[in-house]
J.: 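The structure that follows is given in the form of structure tokens.
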Amino acid sequence: MSQYSLFHRQGRRIVSGLRCTQCDLANNPDLQTNCMEGTGNRNRPTYLFAGVSPGKDDDASGIPMVGRNGSLFRQLLSEAGFNLQDCFISNCLRCTLAGGSPKKAHWKACKHHFLRDLAQIQPQVVVAVGGPATTLLAGHSGVQRLRRKLLPLESNANFLVYPIRQPAQLFHQEGRNESIALRASMVDDLRFLKNLVGRNQIRRGADVVLDYRTARTAEDVDAFLEEMGQVPELAFDFETSSLFPTKGDRLVAVGFSWGEGIARAIPLDARGETSLRWWLDGYLQEELLPKLREFMRRKKLWGHNAIQFDQKWSRAFLDLEFLDIDYDTQFGHYVLDEERGTHGLEQLAVLHTNMEPWKSEFNLEDTAQLSGYLCKDCDATWRLRKVFEPQLTPRKQWLLHELIIPLAKELDRVEWQGVRVNEQGFEDLDKYIRGRVSEEYEKIRSDSAVRAFEVSKNRSFEVDKHADVREVMRDYLKLKQVKTTDGGEYSTDVEVLEHYSDSVPTVAGIAAIRRLNKLHGTYVTGLREAVIDGRLHTTYKVHGTVTGRPSSSNPNLMNIPRSDTAGKVLQDANAIKRCFRSEDGYLLLQADYSQAELRVMACMSGDPSLIDIYRKGLDAHTATAAKVYGASLEEVTKGQRSNAKTVNFGIIYGMSWEGVLKKFLAAGNTEAEAKSFYDGHKRTFPCIWAWMDEQERLIRRTGEQTTPFGRTRHYGEIDNRAVRQSYNFPIQSMASDLTLISLVRTAKVLRQRNLPARVCLTVYDSIVYEIRQDAFWEVCQLVHSMMAGIQFDWMQVPMEVDMEVGYTWGDLKSIDMKNLTISS
DNA sequence: TCCCAACGCGCT
DNA sequence: AAAGCGCGTTGGGA
């Protein structure tokens, strides 16, 4: 899988820098520029010029189209009236052929670079410079014959290729009369292209003739299924009456596509004027659904709904436990471009295909209209795969097919099973918190400032109204502003409240009420409303974050309060987590990667001191403090350990000196102490700081980072925030991927061995399993050995896995894996 | 009634 | 001034 080495070893250290080694061109000992970037206007220029590969001078300088050939080419462009501002200049192959000829393997290995540029840059037309480039791009040879023609780009027919002859030909005929004529005709060809553009004759091509059909009779259905019978793989989509199938919901229609502009829609729930006759006589349940089930059961499918969605509806309405889905266009796009909110079907189709917007046609109440809409969804889904899939590097193929898609399928099962909850627990909490809130309100209402506020407003003071809290603190309690909100207002967030809590009891009361309200609204009322048959079913999003972490929503089960938070206002600190429980006869097992991010940092930076700490199995924060303070492990004080912890976390987030100072001061240190620790840390862990500098240089040079797992983060303007993100991204992303890989692997093995255990929850670096009691120890050992034994070539320290067991999420006990005992 | 911004806060 | 999320309430506007 290491065909690229973003992180490659140099001596002891692993440094970053993109080095492509995917074809033999990279092995050329004389190669100066590995994987050359194009140059010019990247923002929808008219022309993208593509030579076959960098020339000798290009290779030496790192820029395409320089040297003798390049300047001749630029001269011709200028004579033909081209403006370089409107051009992007690159090559089909990114490493020099050094006079050799391009082989299929070169293009196959390199193509994704070109196609990615193309998709991002979106030129109006691609100009293939010379015969070899034309062959690679358009699959035709003989430039002479193809002069002044527009050909479809072989890998993505949405782009047109205009072949021109190689200007360097002129050097072979220098001084001859033919040379003058040849030069003139080359310029003419360029002018011809410019005129085509000027007359607006190169547009995104008119779309293909659409072959969309909707089934209106049973005969139509049979004909469609017959027609699609021979097609091994189909794009498909469901139209549904809601986002999550619950009672009363309807699977409205299903559609398929197997070619550009081809789609079939089969309505299942007819509405509007176009009522279908078979809908009326029981045909749906007795014939159509079974037929459809048999049909879909045997097909490889791909969709655009992030898999879990399709899976749930087919399970609920087609009685198909698992669809054979091997691609999803949202994921396909996500691995190429991680930006949030960019994976919408219509948005992608408009950007990458010839299709026009259609989402406004959505109408659940008119089946005929909806079917047309569905056909477009399916068509777009089919087309987008053809656009995105060729852009995948081998590493991204691995990421998509070996991690993301299997993960989505596993998480689908997790969501579907859900987690058992103790509803009585929620009710008790509801009552308790209401009581606590009135108590606290009673206390603060005895404050004269609060009373004065209420008198002047002639209404009660409410903690949930930010303006109320602000006014009371600022104007009645006369407390100085400590912090400003984004909107430039007097902030009253938890940090400010805590600042005054010790000295002003009313502020402490406000803080308590706010926390109680949060716990009540989000975790008691909110969760209770989401319970279905005694279980909570979250939805995990696999493509929702720029780092590759999953996210959870409806309800979010990744932000359930921990005991130290809840304990600040609840008598029973674990009351909320205790509402999450195992099924009768089962146990919960929580497996946590301990300090995954700092361990990844140790591996990526190659820092000998940090590696040493983890190889010796020490407590990382204590050991950090010991090294920085020059003390023995036993001598490290609580305060010193806490300082080390602050900096260790700060590093992961790219905290600045000012940030460190602030934290240290807040913890009761002097500025001198902060400074001394900060400098001491840099001296003790030099490779960590060098690695961070490396990341900054990398994103300044290339604008992006890619992890060994194939996750990429793109940056726009490189500001301070981007620099901090560059420190955090590989660490957070890789740590998360280790957990996700473990989740997929362990879940699969549990199933293969038919063990009575399954994944029940996951929170970033932890996985919670629900295990039947009699199989507990077997599963526990299996999970532990798989998770702790995870190994990749870049890993230089062991991964430790903390194991905990309990009947609920709120009273987990540590497991001693050596002795297989449970701590009391 | 729905949508959005602002603010704040829960988690790793 | 420390990364990544989802979601609650309030309050203004369409």
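Please read these numbers as outputs of a predicted model, since none were measured by experiment. Letters A, B, ... mirror the listed sequences (proteins, then strands); counts begin at 1.
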J.: Heavy atoms under 4.0 Å, any strand shown: does I560(A) hit a base, just sugar-phosphate, or nothing?
T.: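 The residue I560(A) makes sugar-phosphate contact but no base contact.
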
J.: Take the protein atom CE of M558(A) and the nucleotide atom C1' of dG10(B), then report the distance between them rounded to whole Å.
T.: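 The answer, rounded to whole Å, is 13 Å.
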
J.: Whole angstrom is fine here: how far is it from CZ in F461(A) over to P in dT10(C)?
T.: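 Whole-Å distance recorded here is 13 Å.
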
J.: Return the nearest nucleotide to the side chain of E658(A); candidates are dC7(B), dG4(C), dA1(C).
T.: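 The answer is dA1(C).
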
J.: Can you measure E462(A) atom CD to dG8(C) atom C1' for me and round it to whole angstrom units?
T.: 15 Å

J.: Respond yes when some side-chain nitrogen or oxygen of R549(A) is under 4.0 Å from OP1 or OP2 of dT12(B), and no when none is.
T.: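 Answer no for this pair, as no side-chain N or O of R549(A) is under 4.0 Å from OP1 or OP2.
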
J.: Can you tell me which nucleotide in dG10(B), dG4(C), dT12(B) comes closest to the side chain of D765(A)?
T.: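 Per side-chain heavy atoms of D765(A), the pick is dT12(B).
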
J.: Whole-Å distance between dA5(B) P and E489(A) CD?
T.: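 It works out to 19 Å between those atoms.
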
J.: How is S733(A) classified with respect to the nucleic acid when contacts are heavy atoms under 4.0 Å: base, sugar-phosphate, or nothing?
T.: nothing

J.: Could you check which residues of residues 427-435 of chain A get a heavy atom under 4.0 Å from DNA chain B? Sort them by number, please.
T.: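 Output list: empty, so none.
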
J.: Quick one: D493(A) CG to dA6(B) P, roughly how many Å, whole number?
T.: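 It is 16 Å, rounded to the nearest whole Å.
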
J.: Return the orientation label for the Y334(A) and H343(A) ring planes: parallel under 30°, perpendicular over 60°, tilted otherwise.
T.: perpendicular

J.: Taking only residues two or more places apart in sequence, or in another chain, which ones meet R641(A) in a salt bridge (charged side-chain N to carboxylate O under 4.0 Å, His left out)?
T.: D619(A)

J.: Using a heavy-atom cut-off of under 4.0 Å over every strand shown, decide if Q725(A) touches base, sugar-phosphate, or nothing.
T.: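 Sugar-phosphate only.
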
J.: Show every ring-ring contact (aromatic ring centres under 6.0 Å, His included) that has at least one partner inside residues 653-678 of chain A, sequence neighbours left out.
T.: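 Residue pairs with at least one partner in residues 653-678 of chain A: Y629(A)-F677(A), W657(A)-Y678(A), F664(A)-F677(A), Y678(A)-W689(A).
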
J.: State which residue, out of Q705(A), E338(A), K396(A), fulfils the side chain to side chain donor-acceptor pair (under 3.5 Å) condition with T712(A).
T.: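 Exactly one pass, corresponding to K396(A).
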
J.: When all nucleic acid strands are considered with a 4.0 Å heavy-atom cut-off, which category describes V660(A): base, sugar-phosphate, or nothing?
T.: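 Nothing, no nucleic acid heavy atom in range.
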
J.: Between dA5(B) atom P and H466(A) atom NE2, what is the distance in whole Å?
T.: 17 Å

J.: With a non-hydrogen cut-off below 4.0 angstrom, is N554(A) in contact with a base, only sugar-phosphate, or nothing?
T.: sugar-phosphate

J.: Which part of the nucleic acid, if any, lies within contact of T492(A), taking any heavy atom under 4.0 Å across all strands shown: a base, the sugar-phosphate backbone alone, or nothing?
T.: sugar-phosphate

J.: Name the residue closer to the 5' end of DNA chain C, choosing between K662(A) and R713(A) according to the nucleotide with the nearest heavy atom.
T.: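 Residue closer to the 5' terminus by nearest nucleotide: K662(A).
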
J.: Which pairs of donor and acceptor atoms, one on a side chain in residues 761-769 of chain A, lie under 3.5 Å apart (sequence neighbours left out)?
T.:
| residue | atom | partner | partner atom | Å |
| --- | --- | --- | --- | --- |
| T762(A) | OG1 | S766(A) | O | 2.9 |
| Y769(A) | OH | T746(A) | OG1 | 2.7 |

J.: By the 4.0 Å heavy-atom rule, please label D486(A) as base, sugar-phosphate, or nothing.
T.: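 The residue D486(A) makes sugar-phosphate contact but no base contact.
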
J.: Whether the side chain of N556(A) and the base of dG6(C) hold a donor-acceptor pair under 3.5 Å is what I'd like checked.
T.: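 Answer no: no donor N or O sits under 3.5 Å from an acceptor.
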
J.: Looking at residues at least two apart in the chain, or sitting in another chain, which of them share a side-chain contact (heavy atoms from CB on, under 4.5 Å) with S551(A)?
T.: K541(A), T545(A)

J.: Looking for any heavy atom pair under 4.0 Å, which part of the strands does K518(A) touch: base, sugar-phosphate only, or nothing?
T.: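 K518(A): base contact, heavy atoms under 4.0 Å.
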
J.: Can you list everything that forms a salt bridge (charged side-chain N to carboxylate O under 4.0 Å, His left out) with D572(A)? Sequence neighbours excluded, please.
T.: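 With sequence neighbours excluded, D572(A) shows a salt bridge (charged side-chain N to carboxylate O under 4.0 Å, His left out) to R578(A), given in chain and number order.
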
J.: Please state how far atom CZ in R515(A) lies from atom P in dG8(C), giving the value in whole angstrom units.
T.: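 Spelled out: CZ on R515(A) to P on dG8(C) is 18 Å.
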
